[in-house]
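What follows is a short report on a single structure.
So that the names make sense, note that chain A is the first sequence line, chain B the second, and so on, each numbered from 1.
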Amino acid sequence: MSDEKLTPRNVDFSEWYNQIVLRAEMADYAPVRGCMVVRPYGWALWENIQQALDKRFKDTGHVNAAFPLFIPMSFLEKEKEHVEGFSPELAVVTIGGGEKLEEPLVVRPTSETIIGYMYSKWIKSYRDLPVLINQWGNVVRWELRTRLFLRTLEFYWQEGHTAHATEQEAREETMRMLQVYAEFAVNEAAVPVISGVKSQTEKFAGANMSTAIEAMMQDTRALQSGTSHFLAQNFAKAFDIQFLDENNTLQYAWTTSWGLSTRFIGAIIMTHGDDQGLILPPRLAPIQAVIVPIFKSDSETAAVLETVTRVQAELKAAGIRVKVDDRTEVTPGFKFNDWEMRGVPLRIEIGPKDVEKGSVALARRDRPGREGKSFVPQAGLAAVVADLLTDIQKSLLERAIAFRDSHIFDPKDYTELTEVVQNGWAYSYWCESAECEAKVKEDTKATTRCMPLDQSLGKGKCIVCGKEAKRKVYFAKAY
RNA sequence: CGGGGUGUAGCGCAGCUGGUAGCGCACCGCGUUUGGGACGCGGGGGUCGGCGGUUCGAAUCCGCCCACCCCGACCA
């Protein structure tokens with residue numbers, strides 16, 4: 001697969017990205033426009049993402065369930081903003097079993113509506129609340145322009161849908177899950193994110209307030225990598241999710257929804273990858289260490305393979321995800337490049353010299369060439385490897401933070417803002433008017449990404465119009 | 001939907017002054033190789049996007065259609 005040099009990032013970032021996805025065998029184009037096949041290596045990464053997130057969801061009291069793929073068209077129409085937001089990108093089934101359907105079925109673009117319908121059946125009392133359900137599944141949005149992982153017609157994700165007795169509880173849930181996403185991104189994927197509130201124009205169709213984690217890719221464009229929405233009583237009213245409270249008063253529930261998709265794989269690729277290929281964070285990497293055996297003669301082969309097998313067993317016993325590349329049809333040099341393309345964090349070379357000296361050669365993926373190489377004894381290798389993986393994880397995060405922070409600017413005036421967003425993000429006061437937001441978008445193609453939560457409120461002038469502004473927002477070109 | 005482009009082997013391409021298809025990589029077999037993308041020999045694989053027209057003869061010329069890609073509008 002990895003038979004040629006990658007297009008370097010600084011030559012054509014998009015091309016670099018596409019080549020990595022294909023050559024690392026993360027995904028491939030499907031026969032239907034805009035659809036992709038997630039290949040085993042890409043899916044293994046997704047499974048590790050799922051595990052890391054699912055644990056966090058369970059730890060915060062959520063349970064999993066599965067709702068249908070098809071949603072009656074009329075459900076979408078019950079929430080005004082929701083249908084306006086999603087109708088242009090719906091896939092609709094009109095024929096089933098050869099018969100024209102009474103009512104068209106929408107292939108779910110998101111499941112607020114059908115889950116809202118079910119919640120109205122299940123929720124009758126304050127004692128039924130909160131309902132904290134998540135589902136892992138796929139959805140379809142008929143996008144015009146697609147990119148592997150970043151925007152495909154069909155994508156895999158999880159969507160959490162919760163219902164609460166009070167506004168405060170629902171708001172807390174919205175923020176809790178935003179925090180879960182942020183913590184996951186930073187600690188598992190080494191993707192530093194900025195979390196905050198979306199503007200009214202950027203929010204989810206049907207939400208009162210949307211929040212998101214935003215990550216900076218290496219071309220400085222922003223990638224919304226996870227969202228958490230406070231839906232107020234909008235869907236509860238549309239679907240009659242009502243309950244009797246302690247005082248026997250009928251109340252509408254307060255709901256939230258939150259999601260993170262296979263798009264996150266794109267975030268990992270574009271945060272960490274280099275001109276050799278992918279670099280996966282050790283905590284999520286399907287293969288954390290790959291052993292490349294090296295030998296010439298038959299007599300060497302036996303000795304090398306014996307050592308390789310023993311080292312493999314020791315690492316595996318230590319809980320390290322290790323693979324031996326025992327292919328005989330390609331040379332070690334080919335394998336080095338191949339595993340670099342696939343982003344395996346650590347390579348272990350074992351050859352005749354190592355058998356003789358009782359050593360192995362280690363090469364860390366995040367530091368190319370001689371700098372990342374070391375020669376260590378076979379004795380106690382598992383501990384050394386574990387420490388190295390920890391260090392690689394840490395280094396990746398530090399590097400990504402350094403990149404991000406060196407590309408965030410505080411422009412002095414509007415002219416400077418229009419300049420900095422060409423190669424970075426601007427963090428500026430904004431009056432929160434749609435007009436000023438639209439002006440920036442028209443002049444620069446940059447949009448508001450999010451307004452961080454931990455701001456001390458109350459001072460500053462809008463970078464666009466000069467009026468009083470309460471808080472700052474990130475302006476950036478986005479995916 | 002507007003502007004531009006491309007369709008020839010799995011991928012990338014050549015052939016386009018008409019004469020019945022070729023190169024590189026990949027793939028299969030054998031042998032030699034193996035510490036940074038090995039080499040030799042042999043081999044398999046193509047309705048030339050589709051339909052129609054011109055012609056003795058079309059990958060090649062003409063017409064229509066289709067698909068995909070890029071730019072824009074739109075977007076998790």
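For U33(B), there is no paired base (Watson-Crick or G-U wobble, both distances below 3.5 Å). Judged by Watson-Crick or G-U wobble contacts below 3.5 Å, the nucleotide G45(B) has no partner. Base pairing of C64(B) is made with G50(B), judged by Watson-Crick or G-U wobble geometry with both donor-acceptor distances under 3.5 Å. Applying the Watson-Crick and G-U wobble criteria (two distances, each under 3.5 Å), A59(B) pairs with nothing in any strand. The pairing partner recorded for U17(B) is none, the criterion being a Watson-Crick or G-U wobble arrangement whose two distances lie under 3.5 angstrom. Both distances falling under 3.5 Å, in either a Watson-Crick or a G-U wobble arrangement, place C1(B) opposite G72(B).
A salt bridge does not link Asp338(A) to Arg347(A): none of the charged side-chain nitrogens sits closer than 4.0 Å to a carboxylate oxygen. With salt bridges taken as basic N to acidic carboxylate O contacts below 4.0 Å, one links Glu214(A) and Lys198(A).
Regarding Asp338(A), its CG atom lies at a distance of 14 Å from the P atom of G37(B), rounded to whole Å. Separating the CH2 atom of Trp157(A) from the P atom of A76(B) is a distance of 11 Å, rounded to the nearest angstrom. Atom-to-atom, CZ of Arg23(A) to C1' of G37(B) comes out at 12 Å; the value is rounded to the nearest Å. Atom CZ of Arg263(A) is separated from atom P of C75(B) by 13 Å (rounded to the nearest Å). When the C1' atom of A76(B) is taken as reference, atom CZ of Phe204(A) falls 10 Å away, rounded to whole Å. Atom CG of Asp325(A) is separated from atom C1' of G37(B) by 13 Å (rounded to the nearest Å). For Tyr479(A) and C74(B), the OH to P distance is 19 Å, given to the nearest whole Å. Counting to the nearest Å, the C1' atom of G37(B) and the CH2 atom of Trp339(A) are 15 Å from each other.
Evaluation of the salt bridge (charged side-chain N to carboxylate O under 4.0 Å, His left out) test over residues 267-295 of chain A, restricted to residues two or more places apart or in two chains, returns Arg9(A)-Asp275(A), Glu188(A)-Arg283(A), Asp274(A)-Arg365(A).
Under the 6.0 Å distance and 45° angle rule, Arg263(A) does not count as a cation-pi partner of Phe149(A). Cation-pi check for Arg171(A) over Phe230(A) is met; the charged atom lies under 6.0 angstrom from the ring centroid and within 45 degrees of its normal.
Taking atom C1' in both C23(B) and C30(B), the straight-line distance is 24 Å, to the nearest Å. Taking atom C1' on both A26(B) and C69(B), the two are 23 Å apart, rounded to the nearest angstrom.
Aromatic ring orientation, Phe475(A) versus Trp430(A): perpendicular (interplanar angle above 60°, classes split at 30° and 60°). Using bins of under 30°, 30° to 60° and over 60° for the plane-to-plane angle, the ring pair Phe239(A)/Phe235(A) lands in the parallel bin.
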Dump the pairs, protein N or O against N or O of nucleotides 31-36 of chain B, anything under 3.5 Å, distances to one decimal.
unit_1: U34(B); atom_1: O2'; unit_2: Phe295(A); atom_2: O; d: 3.4
unit_1: G35(B); atom_1: O6; unit_2: Gly351(A); atom_2: O; d: 3.4
unit_1: G35(B); atom_1: O6; unit_2: Pro352(A); atom_2: N; d: 3.2
unit_1: G35(B); atom_1: O6; unit_2: Lys353(A); atom_2: N; d: 2.8
unit_1: G35(B); atom_1: O6; unit_2: Asp354(A); atom_2: N; d: 3.4
unit_1: G35(B); atom_1: O6; unit_2: Asp354(A); atom_2: OD2; d: 3.3
unit_1: G35(B); atom_1: N1; unit_2: Asp354(A); atom_2: OD2; d: 2.5
unit_1: G35(B); atom_1: N2; unit_2: Glu349(A); atom_2: OE1; d: 3.1
unit_1: G35(B); atom_1: N2; unit_2: Asp354(A); atom_2: OD2; d: 3.4
unit_1: G36(B); atom_1: O6; unit_2: Glu340(A); atom_2: OE2; d: 3.4
unit_1: G36(B); atom_1: O6; unit_2: Arg347(A); atom_2: NH1; d: 3.4
unit_1: G36(B); atom_1: O6; unit_2: Arg347(A); atom_2: NH2; d: 2.6
unit_1: G36(B); atom_1: N1; unit_2: Glu340(A); atom_2: OE1; d: 3.4
unit_1: G36(B); atom_1: N1; unit_2: Glu340(A); atom_2: OE2; d: 2.7
unit_1: G36(B); atom_1: N2; unit_2: Asn337(A); atom_2: OD1; d: 2.9
unit_1: G36(B); atom_1: N2; unit_2: Glu340(A); atom_2: OE1; d: 2.7

